[in-house]
Amino acid sequence: MIITDTHTHLYSEVFDEDRKEMINRAIDAGVTRFFIPAIDSTYTESMLQLESDFPDNVFLMTGLHPTHVKQHYKNELKHVEEMLASRKFYAVGEIGIDLYWDKSTLIIQQEAFKQQIQLAKKYNLPIVIHCREAFDEVFEVLENEKDDKLFGIFHCFTGTLEQAEQAISYKMKLGIGGVATFKNGKIDKFLNQIDLKHIVLETDAPYLAPTPFRGKRNESVYILKVLEKLATIYNVSLETLAEITTNNSKAVFGI
Ligand SMILES: [Zn+2]
């Protein structure tokens, strides 16, 4: 069984004490493919180190996270552009809009989101979207940018069935993680109305640990809890679900 974690911040400082053991725990359990979203240029070096430590398992993205779109965001976008020009990445992410932490930067968040979508198109790459309390604002940008080059993943999808269908209409797969296991997570109520071909699995480690680890440090091996929950929701075996979602991740990332 091969399980793909499409969104995991394995380079995070909170793993500094036991990173290799933590990653090997996941690999031993069958979680052998990790897609690594970027945040900003301060993490680039640790991401490259992670890749050289686990070259068969780690696949990097580059991008500027919406909560890190600040006054000097243009320098950060230049860094993303330079990275894309210098070597292979598997997606531009995570990018998008976050109005939970800061509403005052909406205009520059939208601008950074739009520019990074255009960069992804230039390199024929998928985008990985972060959207928090900003569905209307994210959809507005996607509506303007939709064409045959726009595709990717709506990471940590937590919206309604209608919002799920709208995201899919922009050729986005839904990244499903720990929230699906929460008692009040809501998405477990309608997910079975969404075809499995639109679903990929993720942890967003070290955040959003699934039940029964909720509130604790998340790690990639906990994706098994998400796999179990979705297997129940869709009434399929763990093996079938792992295979379908891994194939979906290959369709997005090209590997
Ligand atoms: Zn993330």
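In what follows, every heavy atom counts, from backbone to side chain, and hydrogens, waters and symmetry copies are set aside. Just so you know, ligand 1 is whichever comes first in the structure, and atom 1 is the first atom listed for that ligand. Keep in mind it's a predicted model, so treat the numbers as computed, not measured.
Here H155 fails the criterion, with no N, O or S atom under 2.8 Å of the Zn ion (ligand 1). Among the backbone and side-chain atoms of H9, an N/O/S atom is found under 2.8 Å from the Zn ion (ligand 1).
In this structure, the side chains of M22 and R217 come closer than 4.5 Å at one or more pairs of heavy atoms.
Among the candidates D5, L10, T6, the single residue satisfying the side-chain contact (heavy atoms from CB on, under 4.5 Å) test with I36 is L10. Screening L125, L60, I255 against K88 for a side-chain contact (heavy atoms from CB on, under 4.5 Å) leaves a single residue, L125.
Looking only at N/O/S atoms, D204 comes nearest to the Zn ion (ligand 1) through OD1. Distances from the Zn ion (ligand 1) to the N/O/S atoms of E94 are shortest for OE2.
Taken to the nearest 0.5 Å, the NZ atom of K121 stands 9.0 Å off from the CG atom of D148.
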